[in-house]
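Notes follow the structure.
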Amino acid sequence: QVQLVESGGGLVQAGGSLSVSCTASGRTTSYAMGWFRQAPGKEREFVAQISWTGDTTYADSVKGRFTISRDNAKNACYLQMNSLKPEDTAVYYCAVGRSTYDYWGQGTQVTVSS
């Protein structure tokens, strides 16, 4: 079973940038990797996804501001977040899977102050 560990969360002012990372303990061959987030009192929502071959998908709310990338040799996935807004405050989760997202990380808190 793949285990994921996120890192890089923290506190940042609105308009600032932050990058979060996800590293898988096992190989993620052919797996898509993605980021989701959950704000207090809200449902978990999709943020971004990157396929094994590098095709990306973004939620409309983060298009143009966030960039997802991966390093297959390192079994890692990254989310660069720019022009952050208070609405981006949430626990960010990394996930990997093939047909569905089967494995999830523990989450890392991102707080954007106004």
Side-chain angles (χ1 to χ4, degrees):
Q1 184 174 1
V2 176
Q3 292 186 326
L4 306 173
V5 178
E6 300 102 330
S7 63
L11 175 66
V12 64
Q13 284 191 292
S17 299
L18 194 66
S19 180
V20 290
S21 302
C22 173
T23 301
S25 63
R27 288 175 293 186
T28 55
T29 303
S30 299
Y31 280 50
M33 302 186 83
W35 287 94
F36 293 74
R37 66 188 183 186
Q38 186 167 24
K42 303 292 184 65
E43 294 290 317
R44 184 174 298 186
E45 65 175 345
F46 168 78
V47 175
Q49 174 182 286
I50 185 166
S51 74
W52 171 251
T53 54
D55 297 317
T56 59
T57 304
Y58 297 93
D60 288 340
S61 60
V62 306
K63 284 182 179 177
R65 299 189 299 120
F66 291 10
T67 302
I68 188 171
S69 61
R70 68 188 294 165
D71 185 334
N72 292 340
K74 297 180 179 179
N75 295 320
C77 181
Y78 313 95
L79 185 69
Q80 177 65 46
M81 300 178 283
N82 299 323
S83 301
L84 283 162
K85 306 174 181 178
E87 306 93 272
D88 295 317
T89 295
V91 175
Y92 283 69
Y93 297 90
C94 176
V96 302
R98 292 179 176 174
S99 58
T100 60
Y101 282 113
D102 299 317
Y103 308 103
W104 296 78
Q106 83 288 348
T108 185
Q109 178 70 45
V110 172
T111 302
V112 184
S113 62
S114 59

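None of these values were measured; they are calculated from a predicted model.
Across every non-hydrogen atom of Ser114 and Ala14, the tightest pair is CA-CB, 4.4 Å. Heavy atoms only, all atoms of each residue included: Gln13 and Val112 are closest at C-CG1, 4.0 Å. The minimum heavy-atom distance between Tyr93 and Gly105, with the atom names listed, is CD2-O, 3.6 Å.
Taken from CG in Leu4 to OG in Ser21, the straight-line distance is 12.5 Å, to the nearest 0.5 Å. Atom CH2 of Trp104 is separated from atom CG of Asp102 by 10.0 Å, given to the nearest 0.5 angstrom. In this structure, the separation between CG on Leu18 and CG on Leu79 is 9.0 Å, given to the nearest 0.5 Å. Note: Thr56 OG1 to Arg70 CZ = 12.0 Å, rounded to the nearest 0.5 Å. Atom CD of residue Gln38 and atom OH of residue Tyr92 lie 12.0 Å apart, to the nearest 0.5 angstrom. The NZ atom of Lys74 sits 14.0 Å away from atom SG of Cys22, with the distance rounded to the nearest 0.5 Å.
Taken together, the cysteine pair Cys94 and Cys77 keeps its SG atoms at least 2.5 Å away from each other.
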For a side chain to side chain contact (heavy atoms under 4.5 Å, CB included) check, start with the C-alpha distance between Tyr78 and Thr67, then their side-chain angles and the critical distance, and finish with the verdict.
CA-CA 8 Å; Tyr78 313 95; Thr67 302; over 6 Å; no

How far apart are the C-alpha atoms of Tyr58 and Arg65, what are their side-chain angles, what is the distance that settles it, and do they pass the side chain to side chain contact (heavy atoms under 4.5 Å, CB included) test?
CA-CA 10 Å; Tyr58 297 93; Arg65 299 189 299 120; over 6 Å; no

Please step through side chain to side chain contact (heavy atoms under 4.5 Å, CB included) for the pair Gln109 and Thr89, ending with a clear verdict.
CA-CA 8 Å; Gln109 178 70 45; Thr89 295; 4.0 Å; yes

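Residues Val110 and Met81 have side chains in contact (heavy-atom distance under 4.5 Å, counting atoms from C-beta outward). For the pair Gln80/Ser69, no side-chain contact is recorded, criterion being any heavy-atom separation below 4.5 Å from C-beta on. Side-chain contact between Met33 and Ile68: absent, with no pair of heavy atoms (C-beta onward) separated by less than 4.5 Å.
For the ring pair (Phe, Tyr, Trp, His ring centres under 6.0 Å) test with Phe46, the passing option among Phe36, Trp35, Phe66 is Phe36; the others fail.
At least one donor-acceptor pair under 3.5 Å links the side chain of Glu6 to the backbone N or O of Gly107. A donor-acceptor pair is defined here as one N or O able to donate and one able to accept, closer than 3.5 Å; no such pair exists between the side chain of Gln3 and the backbone of Ser25.
Here Asp55 pairs with nothing under the salt bridge (Lys or Arg N to Asp or Glu O under 4.0 Å) rule; sequence neighbours left out.
Both Val20 and Val12 belong to a common hydrophobic cluster when Ile, Leu, Val, Met, Phe, Trp and Tyr are linked at side-chain heavy-atom distances under 4.5 angstrom.
Taking a cutoff of 4.0 Å between a charged side-chain nitrogen and a carboxylate oxygen, Asp60 and Lys63 qualify as a salt bridge.
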